Amino acid sequence: MKKKALVIVGSILFVLAVIFAVYLMVDADSHTPKGESETNSWEMPSDLNPVLSFGNQQQKELYYCAFDGDDIYVGESEAFFRRIVKFQIETPTDVEKIYTKFNLSEYRQITQVALFDHWIYFIEMEFDSMDSPSVYSLYRMKEGGGVKQFLADFNANFDPDKEVSFILTKEAILYNDDPGIYTISLSGGPSKKLPGEDYYLFGIDDGWIYYTKLGLDEDDEDYKSYDVLHRMRIDGTGEETVLDLTKARGYIVDQGQEFYLTSNKKKTEHKVIMRTNGGKETVLAECSDWTECLNKEGDWLYFADGNDLYKLNVAKKGEKQLVYSFPDEECYIKNIYLQDGDVFVVSHKDITLFDIEEKKIYIKRDGTKIDLTNDLPEYENY
């Protein structure tokens with residue numbers, strides 16, 4: 001009996017070893033660029049059309065999920081695995097697993113998910129130790145799952161407080177790497193660096209690349225920051241200074257129309273500002289509470305006032321209209337994501353220095369409200 005038991009145990013261990021070996025082989029093979037990514041002939045396109053609007057590009061706390069109509073693709077990371085799942089907004093408990101990997105030899109997280117042309121693009125972050133920087137790898141796979149294709153490796157040595165992310169366009173991918181902004185084709189391959197050192201990618205709109213760059217603080221020559229927003233053409237020409245981000249926040253732009261928020265010195269009065277290509281400022285609305293979140297779709301500008309979400313028609317310069325109010329007056333709206341008339345809004349409430357309570361509400365264009373608080377991970381896990 002003992003001999004038979006040993007044979008069974010040995011067989012089980014052998015099977016597990018084979019499964020583990022296959023897992024490692026698949027993961028290793030997926031790190032090899034495929035097909036078009038093996039060519040060196042790719043050139044920077046003359047035009048870039050971002051998949052997400054400039055306003056949606058700024059909702060960085062929502063980068064772990066991607067919206068496709070009624071479907072949401074979500075990157076989840078736990079101690080022993082990371083995965084991408086898909087579910088419909090109205091049936092969030094009916095989950096389809098697209099991609100799953102176990103964290104066996106190292107700890108990895110999925111930190112960003114994006115969609116275009118039936119492909120899922122995503123970042124996996126590998127955490128090695130406190131003594132070395134984390135390595136971020138960009139992959140893609142078909143929407144239905146399959147083998148992931150490696151696109152690029154990059155790290156975040158430029159500033160540990162900055163989000164490590166990419167912006168997906170219909171022609172190429174732009175991302176930050178030390179010490180500037182890089183671009184690669186949608187299928188990977190050799191990257192190309194854009195002009196400028198210590199630049200941090202901010203957004204893309206209407207043929208312009210918006211970015212901040214590392215500079216000395218006016219009051220403290222030893223302190224460096226990314227406080228001034230600039231822009232340049234796709235070919236690196238026509239650099240312009242756009243805005244001092246120490247005096248404004250929540251900046252978005254839509255084909256030359258700029259929107260941002262300002263406050264008085266005591267931060268007791270707050271205003272929603274519009275201007276065109278750096279011209280004269282127009283006050284669209286006033287807010288009673290601190291806010292830093294704006295977004296725009298069509299003629300409608302959405303903005304937060306504490307725990308209240310408003311919208312106003314920019315073309316008609318109409319009065320602000322209440323869209324939704326979170327019951328908890330101590331919370332504040334952190335993110336506004338817009339999709340074909342639908343609104344996904346997220347609030348934060350500071351419980352302790354390290355603990356944030358989130359509420360996530362999806363508001364459909366017909367007014368239906370769906371609470372996704374318990375169906376999506378908390379941002380603090382990423």
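Note that this is a predicted model, so its numbers are computed, not measured.
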* Could Glu124 and Arg82 be called an ion pair, given the rule that one side-chain N must be under 4.0 Å from one carboxylate O? -> yes
* Option passing side-chain contact (heavy atoms from CB on, under 4.5 Å) with Leu376 (candidates Leu62, Val346, Val74) -> Val74
In terms of side-chain heavy atoms, does [X] have a donor or acceptor partner in [Y] at a distance below 3.5 Å?
| X | Y | answer |
| --- | --- | --- |
| Asp153 | Ser137 | yes |
| Tyr251 | Glu258 | yes |
| Lys148 | Tyr99 | yes |
| Asp206 | Gln255 | no |

* Answer yes or no: does atom NZ of Lys193 have more than 12 heavy-atom neighbours from other residues, nucleotides or ligands under 6.0 Å? => yes
* Answer yes or no: are there more than 12 heavy-atom neighbours, outside Asp47 itself, under 6.0 Å from its atom CG? => yes
Can you see which heavy atom on [X] is nearest to which on [Y], and at what distance?
| X | Y | value |
| --- | --- | --- |
| Gln57 | Leu52 | NE2-O, 2.9 Å |
| Met141 | Ile98 | SD-CG2, 4.2 Å |
| Val272 | Leu294 | CG1-CD2, 4.2 Å |
| Leu312 | Gly318 | CB-O, 4.0 Å |

Side chain [X], main chain [Y], donor-acceptor under 3.5 Å:
| X | Y | answer |
| --- | --- | --- |
| Asn295 | Leu301 | no |
| Thr291 | Ala304 | yes |
| Glu76 | Pro377 | no |
| Thr276 | Gly279 | no |
| Gln88 | Asp71 | no |
| Lys320 | Glu286 | yes |
| Gln112 | Tyr64 | no |
| Asn313 | Lys317 | no |
| Lys316 | Val314 | no |
| Thr91 | Asp94 | no |

* Members other than Val228 in its cluster, when Ile, Leu, Val, Met, Phe, Trp, Tyr link by side-chain heavy atoms under 4.5 Å? -> none
* Asked: Which ILVMFWY residues are connected to Trp290, directly or by a chain of links, through side-chain heavy atoms under 4.5 Å apart?
  -> none
Sequence neighbours excluded, which residues qualify as salt bridge (Lys or Arg N to Asp or Glu O under 4.0 Å) partners of [X]?
| X | value |
| --- | --- |
| Glu297 | none |
| Glu240 | Arg231 |
| Asp254 | Lys296 |

Partners of [X] by side-chain hydrogen bond (donor to acceptor under 3.5 Å, both in side chains), sequence neighbours excluded?
| X | answer |
| --- | --- |
| Glu96 | none |
| Thr373 | Asp371 |
| Tyr362 | Gln339, Asp342 |

* To do: Any ring-ring contact (aromatic ring centres under 6.0 Å, His included) involving residues 298-317? Give me the pairs, sequence neighbours left out, ordered by first then second residue.
  => Phe303-Tyr310
* To do: With sequence neighbours left out, write down each residue that passes ring-ring contact (aromatic ring centres under 6.0 Å, His included) with Phe344, or none if nothing qualifies.
  => Phe67
* Asked: So among Arg249, Glu269, Lys247, which one has a side-chain hydrogen bond (donor to acceptor under 3.5 Å, both in side chains) with Ser263?
  -> Arg249
* Can the ring centres of Tyr139 and Tyr121 be said to be less than 6.0 Å apart? -> no
* Determine whether the aromatic ring centres of Tyr211 and Tyr199 lie less than 6.0 Å apart. => yes
* Structure fact -> Sorted by chain and residue number, the side-chain contact (heavy atoms from CB on, under 4.5 Å) partners of Asp235 (sequence neighbours excluded) come out as Arg233, Thr237
Should [X] and [Y] count as side-chain neighbours, where that means a heavy-atom distance under 4.5 Å?
| X | Y | result |
| --- | --- | --- |
| Val323 | Ile363 | yes |
| Asp289 | Asn307 | no |
| Leu151 | Leu186 | no |
| Asp305 | Ser288 | yes |
| Leu115 | Val51 | no |

* Member of Tyr200, Phe154, Phe166, Tyr136 meeting the ring-ring contact (aromatic ring centres under 6.0 Å, His included) criterion with Tyr175 -> Phe154
* Derivation and outcome, salt bridge (Lys or Arg N to Asp or Glu O under 4.0 Å), residues Glu239 and Lys213 -> CA-CA 12 Å; Glu239 182 180 46; Lys213 56 184 178 181; 3.1 Å; yes
* To do: Output every pair passing side-chain hydrogen bond (donor to acceptor under 3.5 Å, both in side chains) with a member in residues 324-334, not counting sequence neighbours, ordered by first then second residue.
  => Glu292-Lys334, Asp308-Ser325, Asp328-Lys349, Tyr332-Asp350
* Where does the angle between the aromatic ring planes of Phe54 and Tyr210 fall among parallel (under 30°), tilted (30 to 60°) and perpendicular (over 60°)? -> perpendicular
* To do: Take Asp340 and Lys364 through the salt bridge (Lys or Arg N to Asp or Glu O under 4.0 Å) test and state the conclusion after the steps.
  => CA-CA 9 Å; Asp340 299 326; Lys364 298 182 72 68; over 6 Å; no
